[in-house]
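In what follows, a single structure is set out as structure tokens and then discussed.
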Amino acid sequence: MTETFISWGMDPNWAWGVATICGILLIALPLMLSVAMIIYADRKIWAAIALRRGPNVVGPFGLLQSFADGLKVFLQETIIPTSANRGLFLIAPIITFTVALLAWAVIPFNSGAVLADINVGLLYILAISSLGVYGVILSGWASNSKYPFFSALRASAQMISYEVSIGFILIGVVLFADSFNMNEIVKAQQGHGLGFVNAFGFNLLLFPLAVMFLISSLAETARAPFDLTEAESELVAGYQTEYSSMSFALFWLGEYANVLLMCTLNAVLFWGGWLPPIDWAPLYAVPGIIWLFAKILFFFFVFSWVKATVPRYRYDQLMRLGWKVFLPISLLWIFLISGYLMLTRYS
Amino acid sequence: MIQLFAFYLFATIVIASAAMVIFARNPVHSVMWLILAFFNAAGLMLLAGAEFIAMLLVIVYVGAVAVLFLFVVMMLDIDFAELRAGFVRYLPLGALVAIILAAELVFAVGAWSAGGVDLASRAAPVVSDKSNIQQIGELLYTRYIFLFEAAGIVLLVAMIGAIVLTHRTRGGVRAQNIAKQNRRRPEDATRLVDPGVGQGMEL
């Protein structure tokens, strides 16, 4: 994009700046729109599985429901509890929302379509997702209220626990792709499975990691069945209990942007990203971004499906799954993968 | 130009937030300023071309260590009046530490302006065509492999030590045994009976 602006006769420095800002807007604005639509889709899928109709009043098929909700929330009054820690109380949702947008900078949408093509892309995503904890902890603490605080403790313990196994799973992918750069990881998947399937997930060594990553990403985004942070039967509404109007909406948007990010990571790391599913020339005629979106939507459907059908875990079961099941297995898998690569690729 | 601007931005925020760590009255605010300082230090690392170290700083310090700090500080029931009451008592010790730090600062700046030791000849030459991660990995896993593994073993021992010290087995806890639950079959748990009229059921 920078070249385009330079060809319009702009100074290279300015062209870079303008191109970057355009890139950020090109990612952030459609992302917000898709978050609104994905909330609608989530509710519709959930309703369909529960044999209900879901939102169907605002606009055709209820398509404008999310925008109506957004407008309603925007017009409400922001209530700050008197005993709350004002500054941190207001910063917390902003952190959640900002962090949810930040990670998209390194997601490759097509062969060259990535905002920041850095060679530590995957580490950047890990770093940013570890920041997400702060929005939750701060909101729980600053609310100065029992239930939000319990929820914040639960959420942060849960996120940290699952980040450990996610880290090990990602190392497995990095070992196979031989790079931390997201685009290189996607390119390494070309014809990886049986010589014609563009996905790491079809590799028998990586398939268990793909399954564990999908489950860990459910836990990392605190979606059902791991939504203990907002377990309404125990904790009212979790860390968001004291929030209202826009400050609540920011949590909401951030949460769904994170869910979309995790779906994208599943698609990019294990199922070929913007590559077509099969390494066959005519399929490359379809733009890569469409393949990526199809995969993201598929994983989002899986997320909604799980939310609608799987009952909530108990907290000790959640911790057991993270520390006693996923962590040892992913650690063992690192040994297996490095041993396999040592024998085949580097000997 | 933009590097210079970024450097001064990051450096100013690091110093300001480091100062705020000390000046903030609320310990939770102190930890938050500390996190901001870590984050901007990572920015400085990026400017120095050490992107791997920068990411590690954020993942390890901001993502894990500072969260534990925050946990501990939030759990403490801190009485601010009591905290400030010891000011006079700790003043001599505090002043001593401050004097030592100030003296070190003066010495360091003095030595640096006097020309200093030629450290550049000791540093490893930078290979520009390799990424950060590859360079660090090659050094760690070849030249410093024993030190690296020794550090790993020290951490392992520390971890086991912490678990041994804090682990307590309590009696009378009914823990869930998932393997046992999964092994259970309908035949072990249920039976079909057909009691006659007027007869009871023995459970």
Side-chain angles (χ1 to χ4, degrees), chain A residues 11-14 16-17 20 85-88 91-92 95 99 102 106 116 118-134 136-138 140-142 144 149 152-153 155-157 159-161 163-164 166-167 170 174 178-181 184 314 316-317 320-321 324-325 338, chain B residues 1-3 5 20 24-36 38-39 42-43 45-46 49-76 130-137 141 163 173-179 181:
Chain A
D11 180 63
N13 282 329
W14 280 103
W16 179 83
T20 309
N85 194 314
R86 255 186 111 81
L88 290 181
I91 287 176
I95 292 179
V99 164
L102 273 178
V106 294
I118 54 178
N119 56 12
V120 286
L122 207 51
L123 285 177
Y124 173 81
I125 287 197
L126 269 183
I128 293 301
S129 71
S130 66
L131 285 180
V133 181
Y134 286 106
V136 177
I137 301 190
L138 282 183
W141 183 80
N144 206 351
F149 190 57
L153 292 184
S156 39
M159 283 178 173
I160 293 174
S161 306
E163 251 156 40
V164 177
I166 284 184
L170 295 188
V174 168
D178 211 12
S179 172
F180 275 97
N181 182 306
E184 295 296 316
R314 221 169 49 205
D316 62 317
Q317 291 171 331
R320 176 184 166 274
L321 186 68
K324 292 188 181 172
V325 180
S338 13
Chain B
M1 167 57 194
I2 191 159
Q3 286 101 327
F5 177 73
M20 286 307 291
R25 300 211 155 177
N26 191 325
V28 174
H29 292 182
S30 286
V31 179
M32 293 318 294
W33 286 114
L34 185 67
I35 291 163
L36 192 62
F38 280 150
F39 205 64
M45 296 279 187
L46 273 185
E51 68 266 20
F52 181 60
I53 304 283
M55 291 303 147
L56 277 196
L57 189 69
V58 176
I59 293 173
V60 175
Y61 281 91
V62 179
V65 175
V67 174
L68 292 183
F69 272 8
L70 205 57
F71 257 130
V72 173
V73 168
M74 279 177 179
M75 293 296 186
L76 292 177
K130 278 185 181 169
S131 76
N132 247 282
I133 302 175
Q134 275 175 316
Q135 289 179 22
I136 292 176
Y141 288 105
I163 293 171
V173 177
R174 289 157 64 89
Q176 186 179 20
N177 185 344
I178 290 183
Q181 285 180 347

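Labels below follow one simple rule: chain letters A, B, ... track the order of the sequence lines, proteins then strands, and each chain is numbered from 1.
Within the 4.5 angstrom heavy-atom criterion, only side-chain atoms of B:I178, from C-beta onward, approach chain A. For A:I128, no part lies near chain B; criterion is any non-hydrogen pair under 4.5 Å. Contacts between A:I137 and chain B at a heavy-atom distance below 4.5 Å involve backbone atoms as well as side-chain atoms. When heavy atoms are compared at a cutoff of 4.5 Å, B:A54 does not approach chain A at all. For chain A, the nearby part of B:I35 is the side chain; its heavy atoms alone come within less than 4.5 Å. Of the two parts of A:L123, the backbone and the side chain both hold a non-hydrogen atom closer than 4.5 Å to a non-hydrogen atom of chain B.
For B:F38, the CZ atom sits in a packed shell: over 12 heavy atoms of surrounding residues, nucleotides or ligands are nearer than 6.0 Å.
The aromatic rings of A:W141 and B:H29 stand perpendicular to each other, their planes meeting at an angle above 60°, with 30° marking the opposite boundary.
Of all heavy-atom pairs between A:F180 and B:I133, the closest is CD1-CD1, 3.2 Å. When all heavy atoms of A:S130 and B:V58 are compared, the closest pair comes out as OG-O, 4.1 Å.
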Exercise. Could you walk me through whether B:F39 and A:L131 pass the side-chain contact (heavy atoms from CB on, under 4.5 Å) test, one step at a time?
Key: CA-CA 10 Å; B:F39 205 64; A:L131 285 180; 3.5 Å; yes

Self-check item: Test log, rule side-chain contact (heavy atoms from CB on, under 4.5 Å), inputs A:I91 and B:M32
Solution: CA-CA 11 Å; A:I91 287 176; B:M32 293 318 294; over 6 Å; no

Quiz item: Given B:E51 and A:N119, is the side-chain contact (heavy atoms from CB on, under 4.5 Å) satisfied, shown in steps?
Solution: CA-CA 9 Å; B:E51 68 266 20; A:N119 56 12; 3.0 Å; yes

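Put simply, of B:L57, B:V60, B:L56, B:V62, the one with the most heavy-atom pairs under 4.5 Å next to chain A is B:V62. Across A:E163, A:M159, A:R314, the residue that shares the most heavy-atom pairs under 4.5 angstrom with chain B is A:R314.
By the side chain to side chain donor-acceptor pair (under 3.5 Å) test, A:S161 is found to be paired with A:W323, residues two or more places apart in sequence or in another chain being considered. Residues satisfying the side chain to side chain contact (heavy atoms under 4.5 Å, CB included) test with B:L68, not counting sequence neighbours, are B:F71.
From A:L122, atom CG reaches atom CE of B:M55 across 11.5 Å, with rounding to the nearest 0.5 Å.
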